[in-house]
Amino acid sequence: MITKIFRHAVAAGAVVLTIAACSNGRNMAESQDSTMMQTDTIAAGTNGPMVAHADIDATKSDTAGSGRVDFTSNGNGNVELKLKVSFPQLAGKSVAVHIHEHGDCSDAGKGAHGHWNPTNEAHGKWGSAAYHSGDIGNIDLDANGEGTATLSSDRWTIGGAENTNVLNRSIIVHSGVDDYTSQPSGNAGSRIGCGLITAN
């Protein structure tokens, strides 16, 4: 009789242990699923729009000027540029704007070096047979010396590969117009404005 009771107790204990193990396994699986869902959410969040900007300042004491350029990745492989500049002394004229290779505005913008040209193409007008990834082009200034431009490109990324990444480069505003033919920079005049492209 005692032996039978012991056997029943052992069997009941085994059932309890099995149920507990199943319950713990289910809780661990649910916890893992929850962690995976959180990770997926975080990963999805990082794939959203990325932004960068450059605040443009005048490079010379005798020229008043400022501006801002905003870059936004739209998630489908393109980055949109929105530019606004103000150079009152050049009201009614046009100025050339380019992305230059280095994020350095020292020495009146000369620290930025030449146009950003990772594809090693000839300088030209944006969208032509050959042009630099930094060849934004000419911006018309109104009677107040203000001008805007919007441009979208799959040549640019924000934090992507070195040959497409706009971060840590410079936006340069020139005193003259780009003729789109002179090599290597379009004979656009001196550098009157400069801004470093940084992540927001």
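Index from 1, following the sequence.
- Contact detail for Ser128 and Gly124: the closest heavy-atom pair is OG-C, 4.1 Å.
- The backbone N or O of Gly189 lies less than 3.5 Å from no partner atom in the side chain of Ser175, so there is not a single donor-acceptor pair.
- Gln183 pairs by the side chain to side chain donor-acceptor pair (under 3.5 Å) definition with nothing, not counting sequence neighbours.
- Annotation: the span from Asn117 atom CG to Ser185 atom OG amounts to 11.5 Å, rounded to 0.5 Å.
- Using a 4.5 Å heavy-atom cutoff, the side chains of Glu80 and Asn74 are not in contact.
- Residues Trp126 and Ile136 share a single hydrophobic cluster, defined by chaining ILVMFWY side chains whose heavy atoms lie under 4.5 Å apart.
- The closest side-chain heavy-atom distance from Val85 to Leu141 is below 4.5 Å.
- Between the CH2 atom of Trp116 and the CD atom of Glu101 there is a distance of 10.5 Å, given to the nearest 0.5 Å.
- Closest non-hydrogen pair, Ile139 versus Ala149, comes out as CD1-CB, 3.4 Å.
- The shortest non-hydrogen separation linking Ala96 to Val177 is CB-C, 4.2 Å.
- When side chains are defined from C-beta on, Arg68 counts as touching Asp55, because their heavy atoms get closer than 4.5 Å.
- At a threshold of 4.5 Å between non-hydrogen side-chain atoms, the residues Leu167 and Ile158 count as touching.
- Two residues are said to be in side-chain contact when any heavy atoms from C-beta on lie closer than 4.5 Å; Val79 and Val166 fail this criterion.
- Listed by first and then second residue, the side chain to side chain donor-acceptor pair (under 3.5 Å) pairs that reach into residues 160-173 are Thr157-Thr164, Glu162-Arg169, sequence neighbours excluded.
- Leu196 and Ile172 are assigned to two separate hydrophobic clusters, defined by single-linkage of ILVMFWY side chains at heavy-atom distances under 4.5 Å.
- For residues 104-121, the salt bridge (Lys or Arg N to Asp or Glu O under 4.0 Å) pairs, not counting sequence neighbours, are Glu121-Arg155.
- Atoms OG and NE2, on Ser133 and His98 in that order, are 12.5 Å from each other to the nearest 0.5 Å.
- Scored by the side chain to side chain contact (heavy atoms under 4.5 Å, CB included) test, Asp154 finds Asn78 as partners (sequence neighbours excluded).
- With His174 contributing its side chain and Val95 its backbone, the two residues share no donor-acceptor pair below 3.5 Å.
- Less than 6.0 angstrom separates the ring centroid of His123 from the ring centroid of His115.
- In this structure, the side chain of Trp156 does not engage the main chain of Ser73 through any donor-acceptor pair within 3.5 Å.
- For Asp179, the side chain to side chain contact (heavy atoms under 4.5 Å, CB included) test picks out Thr181, Ser182, Asn187, with sequence neighbours left out.
- Interatomic distance, His132 NE2 to Asn120 CG, rounded to the nearest 0.5 Å: 8.5 Å.
- Taking OG1 from Thr150 and NZ from Lys82, the interatomic distance works out to 5.5 Å, rounded to the nearest 0.5 Å.
- Atom CG of Leu81 and atom CG of Asp70 lie 8.5 Å apart (nearest 0.5 Å).
- Nearest approach of Ala64 to Gln89, heavy atoms of both residues: N-OE1, 3.7 Å.
- Taking Ser66 as the reference, Ser86 meet the side chain to side chain contact (heavy atoms under 4.5 Å, CB included) condition, with sequence neighbours excluded.
- Here the shortest heavy-atom pairing between Arg191 and Lys60 reads O-CE, 4.0 Å.
- When each of Val69, Leu151, Val173, Asp135 is checked for a side chain to side chain contact (heavy atoms under 4.5 Å, CB included) with Val97, only Val173 meets the rule.
- Without hydrogens or angle criteria, Asn200 side chain to His53 main chain gives a donor-acceptor distance under 3.5 Å.
- Looking at heavy atoms from C-beta onward, Ile171 lies in side-chain contact with Phe71 at the 4.5 angstrom threshold.
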